[in-house]
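Working notes for the structure below.
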Amino acid sequence: MLIKNVSNPDLKFTDKLPKFNVNWLIIISYLTLILIFPSAALITKSFSLGPEEFWRIATSKIAISAYNVTFFTALFAAAINGVMGTLIAWVLVRYDFPGKKIIDGAIDLPFALPTSVAGLVLATVYSNQGILGKFFGIFGVKIAFTRLGVFVAMLFISLPFIVRTLQPVLQEMEREVEEAAACLGANEFQTFTKVILPPLIPPILTGVALGFSRAVGEYGSVVLVASNIPFQDLIAPVLVFQYLEEYNYAGATVIGTILLLFALISLLGINLLQQWSRRYAIQ
Amino acid sequence: MGILVENVYKSFGSFQALNNINLEIKDGTIVALLGPSGSGKSTLLRAIAGLDNPDTGKIIINGRDSTHIDVKKRNIGFVFQHYALFKHLTIRQNIAFGLEIRKIAPNIIKEKVNELLELIQLSGLGNRYPSQLSGGQRQRVALARALAVQPGVLLLDEPFGALDTKVRKELRTWLRDLHDRVHVTSVFVTHDQEEAMEVADEIVVMSQGKIEQIGTPADIYDHPATPFVMSFIGEVNVLPSNSPWFKNYPDKLTSDVFIRPHEFDIQTELNGSNTKAQIKRITHLGWEVQIELILPDNLTVFAHVSKEKFTRLNLKTEQFVFIKPLSAQVFNEDETAKKFVGYDFSI
């Protein structure tokens, strides 16, 4: 998802370097086989229904509700992590404390943990009988098997994207820049808002966009922590699965196509964001 | 007026970074803090700026006791070695930063920024970002940003340290010219003696957290106060006091004897009190030639001769020549300097 063209434009391929023709053939075949062909197949299959049928399924009430739950919950989770992830990254980069290495490593847990395991853990902990579920139950808040459960699962899986996007940026920040601001008369608040925060906004947005895309695509943990009831907490990826279980291939491919298109658009958005964030770094 | 540093001590753990520093920097002058790394020069500069607080002692800036005044209220201009420009702001916005903090009216800021851009000769580049500028240009922007707030003192921490030799030389001259125009009391840290000599009115030589000597560039070079200054500023040969060269010296020598490489007379023929030596290596340094010589008692000394003399004498490696010091310097036990000139150095 993050692969960018980092080749050096000054580097000219000369005859002395090995030819890449054969390699290109392999790469293109491989990509066709595992990326382009399946995507094209999905789109062709869904478009073969005809525009009216496609539109009817894509905008059916159950589908709209599923998009609604998926996108808004994901957006909200990513936004919350935009703030919390930034704080965590800040603390991990700027402060030394016992157990820092362990916490730093644990950030990657959502990457490494099978999503079904995450769902299982969340469902257990946040259910009526679980430790946290009982605690929130006192205030009449039900988390597991509700839309809140979906939200918690999305929080869990999107956190590392923000932290890991921000950490290198924070590490690269020179402390001298803050000293320079202080010498020029800026107080702590002004230094934060005028000097520290502005260069962090693009990477925060990139992290949020990545986390958002990941949350929209999340299936394994949500399916376990939500009740998956339409119009309540059913997300679009689970809807695809439900359609398949009902042998409704047309419905599944249409929703799948919508999600694929969304993924492409968010990729484009993330790339534009990254370009924008480097606008003052061009040499 | 100017800067007064009184009895300043500063330690980092068990490391004594500043050890009883007393220093007066006169109003409107430009002073270099010169020393090897770890000598405390940067710590002293940061203490004057308020970026580091001294453990004890006083810092008085332009008549105001600033020891406990926060850095943001000291009204100092600080220039960092690696520029520390705000990368997300254009050159104009960088220079305007301190003025905006001070809530100056936008039209006055604009005027002031234009003025400063002209001063640093970057008028056309105001809307660029720092990454689009060369190192030398960035450092000039950093200087303009520091000067914009009309600081009481200008402090520069190894300002040319990150630049290549040619740009460094240009900027040195430029800084000197700029100071002649702006006249703000300035202190800069450097480990480059040439830079200190060229730019500063006065040089403060530091070593191991202490001030070794304060003086004009000529003073420091011609009358070094301590063996450290003698060997740190300019090149020098250090010879043991029991060397046969000094056996006729009337007083008892208690310290090593220091001889500058250009203070040797080299001849190809024996002439009175000359000492026979063999040329071990010849190095061309540009406008002069360095000759490494082995003396009879196996001591090695470095002598510098002009290119003209080198060609005239037709010197070759392994050749025997006759050398004689023209002057030498000793330091007595109380570290007072003593120069002996015209003494008979015969062996």
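Everything quoted here is computed from the prediction, not taken from an experiment. First the proteins, then the strands, lettered A, B, ... as listed; each starts at 1.
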Discussion item. Could you tell me if the side chain of A:Lys194 sits less than 4.5 Å from the side chain of B:Phe97, heavy atoms only?
Written reply: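 Yes, at least one pair of side-chain atoms sits under 4.5 Å.
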
Worksheet item: With a 4.5 Å heavy-atom cut-off, do B:Lys72 and A:Glu188 have their side chains touching?
Response: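 Yes; the side chains approach each other to less than 4.5 Å.
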
Fill in: Closest non-hydrogen atom pair between B:Ile101 and A:Ala186, with its separation
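Minimum heavy-atom contact is CD1-CB, 3.7 Å.
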
Above 12 or not: heavy atoms from other molecules or residues under 6.0 Å from [atom1] of [X]?
X	atom1	value
A:Tyr95	OH	no
A:Phe262	CZ	yes
A:Phe72	CZ	no
A:Ile34	CD1	yes

Heavy-atom distances under 4.5 Å only: say whether [X] touches chain A with side chain, backbone, both or neither.
X	result
B:Leu51	side chain
B:Leu155	neither
B:Val149	side chain

Worksheet item: What's the spacing between A:Glu176 CD and B:His82 NE2 if we round to 0.5 Å?
Response: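 Atom-to-atom, A:Glu176:CD and B:His82:NE2 are 6.5 Å apart.
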
Item to complete: With rounding to the nearest 0.5 Å, note down the distance linking CG in A:Leu197 to NE2 in B:His88.
Response: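 Output value for this atom pair is 9.0 Å.
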
Discussion item. Between A:Glu179 and B:Arg46, does any NZ, NE, NH1 or NH2 come within less than 4.0 Å of an OD or OE carboxylate oxygen?
Written reply: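 Yes, this pair counts.
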
Worksheet item: When only pairs under 4.5 Å are counted, which of B:Lys73, B:Arg102, B:Arg74 shares the most heavy-atom pairs with chain A?
Response: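 Among the listed options, the one with the most contacts to chain A is B:Arg102.
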
